[in-house]
Amino acid sequence: MTFPDHFSAASESYAKFRPRYPDALFDFLAREAPARDAAWDAGTGNGQAAVGLARWFEHVTGTDASAAQIERALPHPRVSYRVSPAEASGLQAASVDLVAVAQAVHWFDRERFWAEARRVMRPRGTIAIWTYLLFEITPEIDDIVRRFYSGIVGPYWPPERRLTEQRYQTIEFPFLEFDAPDFMIEQTMTLDDVAGYIRTWSTTRAFMEHKHRDPVDDLVKELTRAWLVPQQERRARWPVAMRVGRTS
């Protein structure tokens with residue numbers, strides 16, 4: 001089965017620079033699940049959501065269609081990883097209490113994935129999908145990053161990106177939905193961290209492939225003037241948009 005592989009080539013950088021989800025997010029999912037025996041993290045990437053879930057669930061299965069991502073996934077004694085697409089997990093029927101999808105459902109064949117999620121979920125099982133929006137640091141830095149995001153590399157975003165910008169609100173979600181709290185990712189970053197993170201964007205790599213140059217080099221020059229001291233750590237914040245529901 002083919003899949004839109006935007007991240008295998010950057011799996012090492014993805015694992016190093018992508019932001020980490022807050023503990024409160026996993027606490028919420030654990031409270032809402034009917035039990036804490038088993039969870040499935042679909043599209044696990046580097047496994048950060050799987051490891052977060054493992055604080056609460058006895059066993060977590062993380063799946064990803066990218067072998068390169070799975071090879072670099074974070075190890076944890078209660079997490080097992082496998083290379084498989086989200087639409088055909090290989091999990092047993094009625095075997096998990098929670099299905100989680102972090103920053104990935106926009107890449108899936110969603111009609112097939114919803115069917116697979118229903119197949120593997122136990123009665124009253126919980127499913128949660130979430131994405132995070134563009135990060136914010138200071139107004140001056142944010143303006144520079146937004147111009148880069150929309151202008152310089154904007155034409156190279158895959159069309160699925162629009163779904164994240166719309167906070168997943170335009171995605172069909174065929175479950176009994178209920179409200180999720182507002183979560184925020186917060187962590188400190190140096191200018192080098194910001195550059196490394198932006199280089200993991202699918203649009204940045206697409207720009208490089210078409211233009212044969214790294215657009216982040218010019219961005220860093222512009223950001224340096226706003227950052228003042230490149231080695232200084234600044235607090236970055238990513239708003240999280242989540243949808244959560246049950247099977248019945």
From CA spacing to verdict: side-chain contact (heavy atoms from CB on, under 4.5 Å), Arg110, Val105: CA-CA 7 Å; Arg110 286 182 296 281; Val105 80; 4.2 Å; yes
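- Listed for the Gln187 side chain is a donor-acceptor partner under 3.5 Å among the backbone atoms of Arg20.
- In this structure, Ile141 is not a member of the same hydrophobic cluster as Met184, with clusters built from ILVMFWY side-chain heavy atoms closer than 4.5 Å.
- At least one side-chain heavy atom of Ile127 sits less than 4.5 Å from a side-chain heavy atom of Trp114.
- Residue Leu133 is not grouped with residue Phe148 when hydrophobic side chains (ILVMFWY) are merged at heavy-atom distances under 4.5 angstrom, including chains of intermediate members.
- Minimum interatomic distance between Trp107 and Ser202 (heavy atoms only, all atoms of both residues): CH2-OG, 4.4 Å.
- No donor-acceptor contact under 3.5 angstrom links the side chains of Trp238 and Glu136, judged on distance only.
- Contact of the Ile152 side chain with the Asp218 side chain is not registered, since no non-hydrogen atoms from C-beta on lie closer than 4.5 Å.
- Trp40 has its ring centre no less than 6.0 Å from the ring centre of Tyr81.
- Taking the ring axis of Trp227 as reference, the NZ or CZ atom of Arg234 stays within 45° of it and closer than 6.0 Å to the ring centre.
- Of the N and O atoms on the side chains of Thr190 and Gln231, not one donor lies less than 3.5 Å from an acceptor on the other residue.
- There is a side-chain donor-acceptor pair under 3.5 Å between Ser80 and His59.
- Side-chain rings of Phe173 and Tyr168 stay apart, their centers remaining 6.0 Å or farther from each other.
- Asp217 CG: more than 12 foreign heavy atoms inside a 6.0 Å radius.
- Residues Asp214 and Arg199 are paired through a salt bridge, judged by an N-O separation under 4.0 Å between the basic side chain and the carboxylate.
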Residue pair Trp130, Phe183: steps toward the ring-ring contact (aromatic ring centres under 6.0 Å, His included) verdict: CA-CA 10 Å; Trp130 68 90; Phe183 296 109; 8.6 Å; no
Should Asn46 and Arg72 be marked as a side-chain contact (heavy atoms from CB on, under 4.5 Å) after you check the CA-CA gap, both sets of side-chain angles, and the distance that decides it? CA-CA 6 Å; Asn46 66 354; Arg72 297 186 182 278; 5.8 Å; no
Check against side-chain contact (heavy atoms from CB on, under 4.5 Å), Asp143 and Arg146: CA-CA 5 Å; Asp143 285 344; Arg146 277 195 293 268; 2.6 Å; yes
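- For the pair Pro85/Arg112, no side-chain contact is recorded, criterion being any heavy-atom separation below 4.5 Å from C-beta on.
- Taking the side chain as every heavy atom from C-beta outward, Asp142 and Ile137 approach each other to under 4.5 Å.
- Of all heavy-atom pairs spanning Ala236 and Met189, the tightest one is CB-SD, 3.6 Å.
- Listed for the Arg124 side chain is no donor-acceptor partner under 3.5 Å among the backbone atoms of Thr247.
- Panel note: side chain Arg119, backbone Leu91; a donor-acceptor pair is recorded below 3.5 Å.
- Side-chain contact between Val83 and Ser66 is absent, with no heavy-atom pair separated by less than 4.5 Å.
- Nearest heavy-atom pair, Ala195 versus Val220, reported as atom, atom and distance to 0.1 Å: CB-CG2, 3.7 Å.
- Taking CZ of Phe207 as the reference point, atom NE2 of His212 lies at 11.0 Å (rounded to 0.5 Å).
- For the atom pair CD1 of Ile171 and CZ of Arg243, the computed distance is 7.5 Å after rounding to the nearest 0.5 Å.
- Summarising the local packing, CD of Gln92 is surrounded by 12 or fewer heavy atoms from other residues, nucleotides or ligands at distances under 6.0 Å.
- Criterion: ILVMFWY side-chain heavy atoms under 4.5 Å apart, direct or through other members. Under it, Met208 and Val153 are not part of a common hydrophobic cluster.
- Closest heavy-atom contact between Glu87 and Phe113: CG-N, 4.0 Å.
- Leu228 approaches Pro230 most closely through the heavy-atom pair O-CD, 3.6 Å.
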Under 3.5 Å donor-acceptor pairs involving side-chain atoms of residues 22-35, not counting sequence neighbours:
unit_1, atom_1, unit_2, atom_2, d
Asp27, OD1, Arg55, NH1, 3.3
Asp27, OD1, Trp56, NE1, 2.7
Glu32, OE1, Arg246, NH2, 2.6

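- Residues Val244 and Ile185 share a hydrophobic cluster, clusters being chains of Ile/Leu/Val/Met/Phe/Trp/Tyr side chains in contact below 4.5 Å.
- A distance-only check finds a donor-acceptor pair linking the side chain of Asp97 to the backbone of Ala38 [under 3.5 Å].
- A donor-acceptor pair is defined here as one N or O able to donate and one able to accept, closer than 3.5 Å; such a pair exists between the side chain of Arg82 and the backbone of Ser89.
- Judged purely by atom type and a 3.5 angstrom limit, Asp64 uses its side chain to pair as donor or acceptor with the backbone of Gly45.
- Between His210 and Tyr156, the angle of the ring planes lies from 30° to 60°, which puts this pair in the tilted group.
- Residues Arg78 and Glu58 are not paired through a salt bridge, judged by the lack of any N-O separation under 4.0 Å between the basic side chain and the carboxylate.
- Contact annotation: the side chain of Leu191 approaches that of Thr224 to within less than 4.5 Å [non-hydrogen atoms, C-beta and beyond].
- Between the side chain of Glu160 and the backbone N or O of His106, no donor-acceptor pair lies under 3.5 Å.
- A pairwise comparison of heavy atoms in Phe57 and Val60 identifies CB-CG2, 4.0 Å as the closest pair.
- Without hydrogens or angle criteria, Ser150 side chain to Arg147 main chain gives no donor-acceptor distance under 3.5 Å.
- Between atom NE2 of residue His76 and atom CG of residue Leu53 there is a gap of 10.5 Å, rounded to the nearest 0.5 Å.
- Between Trp157 and Tyr149, the ring center distance clears the sub-6.0 Å criterion.
- Counting heavy atoms from C-beta on, the side chains of Thr188 and Arg235 come closer than 4.5 Å.
- Side-chain contact, Arg18 with Tyr132: a donor N or O sits under 3.5 Å from an acceptor N or O.
- Between Trp201 and Ile198, the closest side-chain pair of non-hydrogen atoms falls below 4.5 Å.
- No path of Ile, Leu, Val, Met, Phe, Trp and Tyr side chains, each step under 4.5 Å between heavy atoms, connects Leu176 with Val96, placing them in separate hydrophobic clusters.
- The pair Glu140-Arg225 fails the salt-bridge criterion, with no side-chain N (NZ, NE, NH1 or NH2) lying under 4.0 Å from an Asp/Glu carboxylate O.
- Side chain of Glu222 to backbone of Ile144: no donor-acceptor contact under 3.5 angstrom is found.
- When only modelled atom types and interatomic distance are considered, Ser95 and Arg122 share no side-chain donor-acceptor pair under 3.5 Å.
- Separating the OG1 atom in Thr126 from the CE atom in Met121 is a distance of 6.0 Å, to the nearest 0.5 Å.
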What verdict does the side-chain contact (heavy atoms from CB on, under 4.5 Å) test give for Thr44 and Ile70, after you've listed the backbone C-alpha separation in whole Å, the side-chain angles of each residue and the deciding distance to 0.1 Å? CA-CA 8 Å; Thr44 193; Ile70 292 296; 3.7 Å; yes
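- At distances below 3.5 Å, at least one donor-acceptor pair connects side-chain atoms of Asp41 with backbone N or O atoms of Ala50.
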